[in-house]
Amino acid sequence: MTHPPRPAEHPTEAVADPTGTARSRLDRSFFLRDAPEVAPDLLGRVLAVDTGEGTVELRLTEVEAYFGANDPGSHARNGRTARNASMFGPPGHLYVYFTYGMHYCANVVCSPDGTASGVLLRGGEVLTGHEIVARRRATARRGVEYARGPARLASALGLDLTHDAADLCAPGDDAPMRILHGTPPAPDLIGCGPRTGVGGAGADTPWRFYIEGDPTVSPYRAHVPRRRARPAGDAPNGPAGGARPR
DNA sequence: GCTAGGATTTACT
DNA sequence: GTAAATCCTAGCA
């Protein structure tokens, strides 16, 4: 059985100090640990993305860890594919995937190169760039909904497949994407539980971490196998048996 | 080649 | 609370 790791005290980072540590960037070594260890440590960190419209900064409030080819909830459970290749890549990079035909979700790659390990970014609080996010997330009724949920978060940051494998730890101050130290929450404010939407053997693994009481944390939903609308003998509509239209 | 299902969100009842 | 939207991936015949 897997135990939820305690929020780790990474040697290169400490609680933000008044001298500006919160604005400094996380080192790549931060991500050189396994995803279940990195995940709770990412809470309170700030993901900054420069776009043509300006900079959006997001404080992470909810994450999920996916680790190893044996993780039944992971995209890597069936080994390396073109889709998940960046998940096997070097740490500190982004793994962006397309899902449900319309949404993008983003992970931060962890562990040494060659290990399938990542932390799904599920929720965050927009710190700067509200106007930019408001345009992208026009359907959000409140600010807390800008990045509550993995697809909303990706949308708020303007992430898509062009950002797959992007380096979050690229040297230089002009790097388009980076993760800042931010202000990690107190350890007793970090909650954990089973991962959202993961069923089967992976459903019991408490690798979802979130900041207790934060309004930008998405509600937990247990895994529910979707049933595809099918012709069911008397197909009312739809191409019976045919391949999907392109 | 075909089919089932998906780390989701949103609109509608 | 429920169902639809929509495209990709991977298993299977």
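Computed from a prediction, not measured in an experiment: that's the story for all the values here. Worth knowing before you read on, the calculation uses all heavy atoms, side chains too, and leaves out hydrogens, waters and symmetry mates. Within every chain, numbering begins at 1; the chains are lettered A, B, ... in the order of the sequence lines, protein sequences first and strands thereafter.
Applying the salt bridge (Lys or Arg N to Asp or Glu O under 4.0 Å) test to residues at least two apart or on different chains, the pairs with a partner in residues 105-122 of chain A are E62(A)-R122(A), E64(A)-R122(A).
Proximity of residues 149-164 of chain A to DNA chain B (heavy atom under 4.0 angstrom from any strand atom) is restricted to G149(A), P150(A), A151(A), R152(A). Within residues 64-80 of chain A, the residues approaching DNA chain C are N78(A), by heavy-atom distance under 4.0 Å.
Looking at residues two or more places apart in sequence or on another chain, you find a side chain to side chain donor-acceptor pair (under 3.5 Å) between R195(A) and D71(A). Residues satisfying the side-chain contact (heavy atoms from CB on, under 4.5 Å) criterion with A170(A), sequence neighbours excluded, are D167(A), A175(A). Partners of Y97(A) according to the ring pair (Phe, Tyr, Trp, His ring centres under 6.0 Å) rule, which considers only residues two or more places apart in sequence or in another chain, are H75(A), Y95(A). In this structure, the side chain to side chain donor-acceptor pair (under 3.5 Å) partners of T55(A), at least two apart in sequence or on a different chain, are D50(A). Residues passing the side chain to side chain donor-acceptor pair (under 3.5 Å) test with R59(A), sequence neighbours excluded: none. Scanning for side chain to side chain donor-acceptor pair (under 3.5 Å) contacts around R25(A) gives an empty result, with sequence neighbours left out. The side-chain contact (heavy atoms from CB on, under 4.5 Å) search around T81(A) returns R83(A), N84(A), not counting sequence neighbours. Applying the side-chain contact (heavy atoms from CB on, under 4.5 Å) test to P194(A) and every residue at least two apart in sequence or in another chain returns Y220(A).
In this structure, Y100(A) forms no aromatic stack with the base of dA5(C), since the conditions of centre separation below 5.5 Å and plane angle below 30° are not both met.
Comparing A140(A) and V198(A), the nucleotide of DNA chain B nearest to each residue sits closer to the 5' end for V198(A).
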- [ ] Toss me the dot-bracket line for DNA chain B: Watson-Crick and G-U wobble, both under 3.5 Å, 5' to 3', using | for pairs to another strand and [ ] for crossers.
- [x] ||||||.|||||.
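For the pair M102(A) CE and dA11(B) C1', the computed distance is 12 Å after rounding to whole Å.
Judged by distance alone, with hydrogens and angles left aside, the side-chain atoms of R136(A) form a donor-acceptor pair with the main-chain N or O of A156(A) at under 3.5 Å.
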